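Every value quoted in this text rests on a predicted model; they were computed, and no experiment measured them. Atoms considered below: every heavy atom in the structure, side chains included; atoms not considered: hydrogens, waters and symmetry mates. Chain letters run A, B, ... following the sequence lines, proteins first, then strands; residues in each count from 1.
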Amino acid sequence: MTDQSTAIRANDGLKEAVSEHRSLSRDVWNQFKTHKGALIGGFIFFGILIAVMLGPLIWTIDPTFVDIRSRNQGVSLAHPFGTDQLGRDLLARILQGGRISMAVGLVAMFIAVLLGTAIGVLAGFFSKLDGPLMRFTDLFLSLPLLPLLLVIVTLFREPLSASFGPEGGIFILMVSAIGITSWMQTARVVRSEVLVLKEREFVLAARSIGTPPRRMISRHILPNVISPILVSATLGIANAIITESALSFLGLGFPPDFPTWGRLLFDAIDYMPQYPMWVVFPGLAISLTVLSVNYMGDGLRDALDPRARDR
Amino acid sequence: MSDIVEKDLLTVSDLKIHFPIYKGLFRKKVGDVKAVDGVSFAIQRGETLGLVGESGCGKSTTGRAVLRLYDPTAGSVVFENRDIAALSDSEMRVTRPRMQMIFQDPQACLNPRMTVGSIVAEPLIEHTKLSSEDRKAKVRELLDAVGLNPDFVNRYPHEFSGGQRQRIGIARALALDPDFIVCDEPIAALDVSIQAQVVNLLEDLQRERGLTFLFISHDLSMVRHIADRVAVMYLGKIVELASVSKLYSNPQHPYTQALLSAVPVADPKIEEKRQRVILKGDVPSPSNPPEGCVFCTRCPIAEKKCFTVPPEWRELKPDQFVACHLA
């Protein structure tokens, strides 16, 4: 055996590289850096994030301040994105609206992915739960979402506004309504991946070691379903922002004087022929965010896969 | 198999594993796939029992049931005087370190997202209270024992060749110093040159650590090399069980004879005269096995009673058991 092992070691030309310590986060970051789209997406996403977080502190014009004398203005130094029909500064409104839209997107995505992953993993891993949980998923998939959202909003808007204030209440309502109506795709994809993984020999090996189910899931199942989860997470952010826009657009989201990207689009629709820029700016903000998040998710998925990492 | 001696490490008696078949709109149970149907054998401490047979005859299922990876339908698996088939999950967890498994597919048996170090350390994390420093040292020691460079701990499985991955799997199986290892076709997915290395490694480890193997394989020559006794399976049943020398020199069951006649001999003079027993037909479906002897549909010497009466399991000669009316 000794001569075998020396033979194997001698054959290995990479010997000098092996002993250096490798940390997972560094490996992931190194791989992420090589994905150009992801890197650009990351810059744009964090740019938008920083802009909406710090922007209102720098660009201090009140987004709800009505200045009727300077209404319908085009792009100028005083109003870089122009003003709307009531003379409110569009840049300030987009920055303020971005806070809400981004927060709704991230939180709703988080809820949806958490729910979807939990249900998918449980259904895939425990065959007894599979039937009930997947029928439950089918039930949700078969519900017509927009009418359901309308019902949720009309039912819960008042009590939530009463207990958390008008803004907080609507925010909670929005994210939970979007979250619990968009987890189904994640659950299905995750379940199918788990079903495949469960039959792999390394899971069998873990069972023969005696690894209990919860550690089996955290150690062997979850790391291997991370790619579909990430894909649905990135799509989920986009989806949540767009759903929020749609709800605001229908007048069911945040109150009218409260700017969000969707609300800005909704308000601008009537004036689109005269002032197309009112649609372009919030639309651009939504599209850029969604696109950058998708690219980032793409890069992250590759970076988390050790097989792709070395390519 | 009546004389169960004290030195037997593992005794399997009348093990049955049936997988139910559900059909139709209401998922009614319409039958069973009798993957393993009444298998009995014993393995002594320190010996290697070879388990051979063609694809789908229930070898791997038997191996997995011995480790309670499948719940047996009937029968008992007694390991160190405890019936594994009847243990609760928590009792089973305590017993697991004593018995481990080496898998067939070195590609699939290692989690692609874990480093070699954490793969080998997993059993240690689950069953020992070593500090992380001690654990690291133990992992390096294990990798060294299976002939891998201990500096490979931070690498991922896809960076290794098939033979090296199989060594990682062996290191993981050895981590808890088990007494008994089920080798489920550990060499079937490897190149011939690597097969010899891995088999020699297993033999060395057996000598050093006093291991007991259940060696599942369809490679008859390799089993002859590594095993002390060999059990031949056909359609969920053991048809012959004998020591290596007796089984290979004087096979009694017609199925064993057919199997052995298919092994080429590396001597042109003997090879020229080798008479192949060519079996006709296919293996019957395990959901609907023949009524009498399982082998009767393909047996070249079957008689009338073979089709109706199942043959008795009997000791034909000392250390040679066979299930055949005509042997």
Side-chain angles (χ1 to χ4, degrees), chain A residues 1-24 26-28 31 131 196-216 218-227 301 303-311, chain B residues 64 67-69 89-90 92-97 99-115 118-119 122-123 125-127 143-159 161 163-164 167 169 172-173 175-176 182 184 197 200-201 204-205 208:
Chain A
M1 201 176 76
T2 329
D3 51 319
Q4 273 175 29
S5 52
T6 44
I8 284 163
R9 283 178 211 177
N11 284 340
D12 197 332
L14 300 160
K15 197 182 165 190
E16 68 282 358
V18 295
S19 43
E20 77 183 74
H21 182 70
R22 290 163 61 177
S23 78
L24 186 66
R26 177 157 292 269
D27 275 4
V28 169
Q31 173 65 25
V196 174
L197 278 173
K198 202 172 66 164
E199 298 304 319
R200 295 278 298 272
E201 281 184 338
F202 65 83
V203 175
L204 211 60
R207 271 174 66 200
S208 81
I209 286 164
T211 309
R214 62 198 140 83
R215 279 204 287 278
M216 194 100 84
S218 62
R219 198 180 290 153
H220 296 289
I221 302 285
L222 280 182
N224 282 292
V225 290
I226 201 80
S227 3
R301 187 194 57 205
L304 283 173
D305 186 347
R307 282 157 296 185
R309 207 138 68 210
D310 289 342
R311 255 184 250 131
Chain B
R64 289 174 184 189
L67 297 184
R68 250 295 274 290
L69 293 175
D89 282 355
S90 54
M92 193 60 222
R93 193 174 135 77
V94 184
T95 318
R96 292 231 183 258
M99 44 211 304
Q100 287 292 314
M101 186 155 184
I102 298 169
F103 291 88
Q104 172 175 9
D105 186 349
Q107 178 87 40
C109 77
L110 307 174
N111 186 344
R113 307 257 168 174
M114 281 164 82
T115 59
S118 46
I119 287 172
E122 186 183 2
I125 294 169
E126 286 299 328
H127 289 286
L143 287 178
D144 195 45
V146 296
L148 285 173
N149 187 339
D151 294 333
F152 287 159
V153 282
N154 285 323
R155 293 197 161 195
Y156 288 91
H158 71 272
E159 297 171 75
S161 69
Q164 286 173 315
R167 285 168 193 268
R172 172 176 59 189
L176 294 167
V182 174
D184 186 4
Q197 283 184 12
N200 287 339
L201 171 66
D204 288 336
L205 292 169
E208 288 164 20

Legend entry - Residue of the set Ile119(B), Leu143(B), Thr115(B), Leu148(B) for which side-chain contact (heavy atoms from CB on, under 4.5 Å) holds with Val153(B): Leu143(B)

Expected list for residues 204-214 of chain A: side-chain donor-acceptor pairs under 3.5 angstrom, two or more places apart:
| residue | atom | partner | partner atom | Å |
| --- | --- | --- | --- | --- |
| Arg207(A) | NH2 | Leu69(B) | O | 2.6 |
| Ser208(A) | OG | Ala205(A) | O | 2.8 |
| Thr211(A) | OG1 | Ala206(A) | O | 3.1 |
| Thr211(A) | OG1 | Glu122(B) | OE2 | 3.0 |

Legend entry - Residues in side-chain hydrogen bond (donor to acceptor under 3.5 Å, both in side chains) contact with Asp184(B), at least two apart in sequence or another chain: Ser60(B)

Inset, instruction - Specify which of Pro157(B), Gly163(B), Ala173(B), Pro123(B) makes the most heavy-atom pairs with chain A at under 4.5 Å. - result: Pro123(B)

Inset, instruction - Considering only heavy atoms and a distance below 4.5 Å, find which of Thr95(B), Leu67(B), Asp89(B), Leu110(B) pairs most often with chain A. - result: Leu110(B)

Legend entry - Taking every non-hydrogen atom, the tightest pair across Arg172(B) and Cys109(B): NH2-O, 2.8 Å

Inset, instruction - Heavy atoms only: give me the nearest Ala145(B)-Leu205(B) pair and the separation to one decimal. - result: O-CD2, 4.2 Å

Legend entry - Per-residue contact mode, Ile226(A) against chain B (heavy atom under 4.5 angstrom): side chain

Legend entry - Proximal component of Arg215(A), with respect to chain B [non-hydrogen, under 4.5 Å]: side chain

Inset, instruction - Pick one of side chain, backbone, both or neither for Met114(B), based on which atoms fall under 4.5 Å of a heavy atom in chain A. - result: side chain

